[in-house]
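Remarks on the structure that follows.
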Amino acid sequence: QVQLVESGGGLVQAGGSLRLSCAASGGTFSTYFMAWFRQAPGKEREFVAAISWSGNSTYYADSVKGRFTISRDNAKNTGYLQMNSLKPEDTAVYYCAAAGSVLGVRRHLKDSYNYWGQGTQVTVSS
């Protein structure tokens with residue numbers, strides 16, 4: 001059973017940056033596929049980015065491509081989401097998620113992940 005805890009959220013002005021962290025415990029983090037999702041008020045939880053267990057492969061939603069970078073440090077059991085050039089529409093609760101294996105065509109689907117953190121709020125002011 002993997003436990004995930006996000007941190008690093010906060011209030012930032014448009015154009016600013018934040019770095020989210022996802023600390024994992026209770027499992028072998030290096031064997032898990034990891035992703036970030038976000039959920040804005042009144043909207044569905046949506047895929048942001050994902051990273052393979054080794055960190056060699058990364059995937060992004062079109063809305064964040066070129067601005068966000070997902071990474072992981074398996075030695076520290078921690079995943080990261082570096083968010084640059086933030087926009088007001090990036091405002092949401094950000095969740096990290098993990099799964100033992102994820103089919104490539106399903107990596108953007110929240111049902112593919114069975115471990116979730118509690119979320120961290122990111123607010124971007126205009």
Side-chain angles (χ1 to χ4, degrees):
Q1 186 81 7
V2 175
Q3 290 82 45
L4 304 173
V5 179
E6 302 95 335
S7 61
L11 174 64
V12 64
Q13 288 188 331
S17 299
L18 282 175
R19 188 194 197 201
L20 305 184
S21 298
C22 175
S25 61
T28 307
F29 180 68
S30 61
T31 65
Y32 286 84
F33 197 90
M34 201 198 85
W36 288 92
F37 286 75
R38 66 186 182 186
Q39 187 167 17
K43 294 189 176 182
E44 292 288 322
R45 192 170 299 188
E46 65 173 5
F47 172 77
V48 175
I51 187 167
S52 63
W53 64 270
S54 66
N56 289 340
S57 299
T58 57
Y59 314 90
Y60 297 93
D62 288 343
S63 59
V64 306
K65 202 171 293 184
R67 299 188 298 122
F68 290 11
T69 302
I70 189 172
S71 63
R72 65 192 298 162
D73 185 339
N74 287 338
K76 295 183 178 180
N77 288 341
T78 303
Y80 304 97
L81 184 68
Q82 177 68 43
M83 306 186 295
N84 299 329
S85 302
L86 282 161
K87 305 174 181 179
E89 52 263 44
D90 294 318
T91 295
V93 177
Y94 283 71
Y95 298 89
C96 67
S101 63
V102 178
L103 290 176
V105 295
R106 296 182 58 83
R107 68 174 73 94
H108 64 291
L109 300 176
K110 57 183 183 294
D111 290 344
S112 296
Y113 300 86
N114 45 357
Y115 301 109
W116 290 86
Q118 83 290 349
T120 185
Q121 176 70 46
V122 171
T123 303
V124 184
S125 63
S126 57

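These numbers come from a predicted model, not from an experiment.
Taking both residues in full, the closest heavy atoms of F29 and A24 are given as CD1-CB, 3.3 Å, listed atom of the first, atom of the second, then distance. Residues Q82 and S17 approach most closely at NE2-CB, 4.0 Å, considering heavy atoms. Heavy-atom minimum distance, R106 versus D111: NH2-CB, 4.3 Å. Here the closest non-hydrogen pair linking R38 and V64 is NH1-CG1, 4.0 Å. What you find for H108 and F47 is that their closest heavy atoms are O-CB, 3.3 Å. Residues Q118 and Y95 come closest through the heavy atom pair O-CE2, 3.5 Å.
The OG1 atom of T78 lies 10.5 Å from the CG atom of L4; values are rounded to the nearest 0.5 Å. To the nearest 0.5 Å, the span separating CD on Q121 from CG on L11 amounts to 9.5 Å. Interatomic distance, OG of S126 versus CD of Q13, reported as 9.5 Å (0.5 Å rounding). Rounded to the nearest 0.5 Å, atoms CE (M34) and OG (S71) are 7.5 Å apart. Here the CD atom belonging to Q1 is positioned 5.0 Å from the OH atom belonging to Y115, to the nearest 0.5 angstrom. In this structure, CG on N77 lies 9.0 Å from CZ on R72, to the nearest 0.5 angstrom.
With hydrogens and angles ignored, the 3.5 Å screen pairs a side-chain donor or acceptor of R67 with a backbone N or O of S85. S52 places a side-chain N or O within 3.5 Å of a backbone atom of S57 that can act as its donor or acceptor partner. Remark: the backbone N or O of I51 is not paired with any side-chain donor or acceptor of T58 at under 3.5 angstrom. Side-chain atoms of E6 come within 3.5 Å of backbone atoms of G119 as a donor-acceptor pair (strictly under, hydrogens ignored).
Residues W36 and V2 fall into different hydrophobic clusters, defined by Ile, Leu, Val, Met, Phe, Trp and Tyr side chains chained together at heavy-atom separations under 4.5 Å. Grouping the Ile, Leu, Val, Met, Phe, Trp and Tyr side chains by contacts below 4.5 angstrom, directly or via other members, places L86 with L81. Side-chain heavy atoms closer than 4.5 Å link hydrophobic residues (I, L, V, M, F, W, Y) into clusters, and following such links, possibly through other members, connects V48 to V12. Y80 and Y32 end up in different hydrophobic clusters when Ile, Leu, Val, Met, Phe, Trp and Tyr side chains are linked at under 4.5 Å. Taking hydrophobic clusters as Ile, Leu, Val, Met, Phe, Trp and Tyr residues chained together by side-chain heavy-atom distances below 4.5 Å, Y94 shares a cluster with I70.
Y113 pairs by the side-chain contact (heavy atoms from CB on, under 4.5 Å) definition with F33, A35, F37, A50, A97, A99, V102, R107, W116, not counting sequence neighbours.
Salt bridge annotation for K65-D62: present, with a cationic side-chain nitrogen under 4.0 angstrom from a carboxylate oxygen.
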Next on the checklist: side-chain contact (heavy atoms from CB on, under 4.5 Å) for D90 and M83? Distances and angles first, verdict last.
Outcome noted: CA-CA 9 Å; D90 294 318; M83 306 186 295; over 6 Å; no
